[in-house]
Amino acid sequence: MPSYNIFVINPGSTSTKVSLHRDEECLFSSSVFHDSSILRTFPDINDQLAYRMEVINKFLEDHHIELWGLDAIVGRGGSCYPIESGVYEIDDRLIEDTKACKGGLYHSSMLGVQMANELHKVYGGRMLMIDPPIVDELQDVARITGVKGVYRRAVCHALNLKETARRHAAAMGRKYEELNMIVCHIDGGISVTAHRQGRMIDGNDAGGGEGPFTPTRMGTMAVTDLITSMKDYTAKELRDLCSQAGGFSSHFGTSNSDVVHEMVEKGDPKATLVWDAMIYQVIKAIGSMATVLGGKVDAIVLTGGLLRFPEVQGRIEESCGWIAPVTGYEGEFEHEAMANGALRVLRGEEKAKIYPGKPAWSGFEE
């Protein structure tokens, strides 16, 4: 069997994580820092591309990392039109729609396919994208709201959720497509999703601030509270509460979970109440996804950085263990998911999809 070299690039808010893989082996992985004071000088995320590439290229040069002979370059997916789950070829239309933020999620992940393209110009190889945050497999009944013409969106940590679900299915000796699972990513953002036989049929709009509040996001609130208590907030201030200024950031002036948890350990009553409330809201969301699956749940799977605090999983087990067995996978598998997806395509086990240039779902007939 031939061996394949795969380079993965995953841009974040103030860093870009890169890794080089040979088949299933990760040869190196590193997070390359970008100075936030410099990033703030760019009027648009897309404008950061040249600066980030300069930093990445210097990192590769300083560490004597050669990328010649790559079989694939995988760029983190961003906000193209919502699509079904899978591995996609990166082409001009996908790049342009991601730059234009067609999916409505304005996030640094929109640079992933662009950075892959810049590297491809130098090193060649196939360009691939796997499970961007706007993967849309919602069942129709989950889309409806109480306002005509306004529909719920699917915006979540799809890449990590899908990979963790596949790993847990394998650990059970089963296929992901055979199981019903509730899969939760619990970190700076929180996604709680229902997976029915390989499709993510419902979940909170984590990118839009829906669901449990998090270290950085305000979570679901009554519309009347927004109208009465936050009527003087600008649209930008409200958007920031949905992405970076809500949750712990609002309550404590920091989104650092370690800082807040240390306050909890020292007995701070406010910190304890807010921390407990966040876990409580995750538990409620898991319960709602259990009803979506009709109570037929094979597993509750937890992933994300906040599992480093044992009581997060412990309290979920106490409240939700009667629904299905609860299993935790601390951290995330985003780079493994991207490398493994590319490897399946290179080995001919899966065919890469062509980006359709339109939403997976485009509305109901009114």
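All values below come from the heavy atoms of this structure, side chains included, with hydrogens, waters and symmetry mates left out.
- For residues 310-328, the set of pairs meeting the salt bridge (Lys or Arg N to Asp or Glu O under 4.0 Å) definition, not counting sequence neighbours, comprises D276-R315.
- Heavy atoms from other residues, nucleotides or ligands lying under 6.0 Å from CD of E349 number more than 12.
- Within the structure, every pair that satisfies the salt bridge (Lys or Arg N to Asp or Glu O under 4.0 Å) test and touches residues 247-260, not counting sequence neighbours, is listed here: D258-R308.
- Between R152 and E210 there is a salt bridge, with a side-chain nitrogen of the basic residue lying less than 4.0 Å from a carboxylate oxygen of the acidic one.
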Side-chain donor-acceptor pairs of residues 108-117 under 3.5 Å, sequence neighbours excluded:
unit_1, atom_1, unit_2, atom_2, d
S108, OG, G12, O, 3.3
S108, OG, S13, N, 3.4
S109, OG, H107, ND1, 3.0
Q114, NE2, N46, OD1, 2.8
Q114, NE2, M110, O, 3.0

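- Among residues two or more places apart in sequence or in another chain, the ring pair (Phe, Tyr, Trp, His ring centres under 6.0 Å) test is passed with H195 by Y176.
- Residues passing the salt bridge (charged side-chain N to carboxylate O under 4.0 Å, His left out) test with D92: none are found, sequence neighbours excluded.
- The salt bridge (charged side-chain N to carboxylate O under 4.0 Å, His left out) test applied to R217 returns no partner, not counting sequence neighbours.
- Within 6.0 Å of the OH atom in Y233, the count of heavy atoms belonging to other residues, nucleotides or ligands does not exceed 12.
- Considering only residues two or more places apart in sequence or on other chains, D97 meets the salt bridge (charged side-chain N to carboxylate O under 4.0 Å, His left out) condition with none of them.
- Residues E334 and K162 are not paired through a salt bridge, judged by the lack of any N-O separation under 4.0 Å between the basic side chain and the carboxylate.
- Within the cation-pi definition used here (under 6.0 Å to the ring centroid, within 45° of the axis), K270 qualifies as a partner of F252.
- For K284, the NZ atom sits in a loose shell: 12 or fewer heavy atoms of surrounding residues, nucleotides or ligands are nearer than 6.0 Å.
- Between D205 and R153 there is a salt bridge, since a side-chain N of the basic residue sits under 4.0 Å from a carboxylate O of the acidic one.
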Determine, stepwise, if the pair N5 / R22 fulfils side chain to side chain donor-acceptor pair (under 3.5 Å). CA-CA 5 Å; N5 296 313; R22 179 169 297 131; 3.0 Å; yes

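- Ionic pairing of E89 and R126 is present here: one or more N-O contacts between side-chain nitrogen and carboxylate oxygen are shorter than 4.0 angstrom.
- Within the hydrophobic cluster formed by Ile, Leu, Val, Met, Phe, Trp and Tyr side chains joined at under 4.5 Å, directly or through other members, L138 stands alone, with no partner residue.
- Hydrophobic side-chain contacts under 4.5 Å tie I354 to no other Ile, Leu, Val, Met, Phe, Trp or Tyr residue.
- Nearest heavy-atom pair across M200 and V135 is CE-CG1, 4.2 Å.
- Taking 4.5 Å as the limit, every side-chain heavy atom of I73 sits out of range of all side-chain heavy atoms of L128.
- Applying the ring pair (Phe, Tyr, Trp, His ring centres under 6.0 Å) rule to pairs touching residues 282-302 yields nothing, sequence neighbours excluded.
- Ring orientation note: the planes of F28 and F7 are tilted relative to one another, at an angle of 30° to 60°.
- Of the charged side-chain nitrogens involved, at least one lies within less than 4.0 Å of a carboxylate oxygen, so that E118 and K121 count as a salt-bridged pair.
- Remark: E54 does not engage K58 in a salt bridge, criterion side-chain N to carboxylate O under 4.0 Å.
- Of the charged side-chain nitrogens involved, none lies within less than 4.0 Å of a carboxylate oxygen, so that E96 and K102 do not count as a salt-bridged pair.
- Remark: K231 pairs with no residue by the salt bridge (charged side-chain N to carboxylate O under 4.0 Å, His left out) rule, at least two apart or across chains.
- Using the six-membered ring where Trp is involved, F309 and W275 have ring planes that are perpendicular, over 60° apart on the 30 and 60° scheme.
- Figure legend: cation-pi geometry between R143 and F364 absent, as NZ or CZ is not positioned both under 6.0 Å from the six-membered ring centre and within 45° of its axis.
- Applying the ring pair (Phe, Tyr, Trp, His ring centres under 6.0 Å) definition to pairs two or more places apart or across chains, those involving residues 115-141 are W68-Y123.
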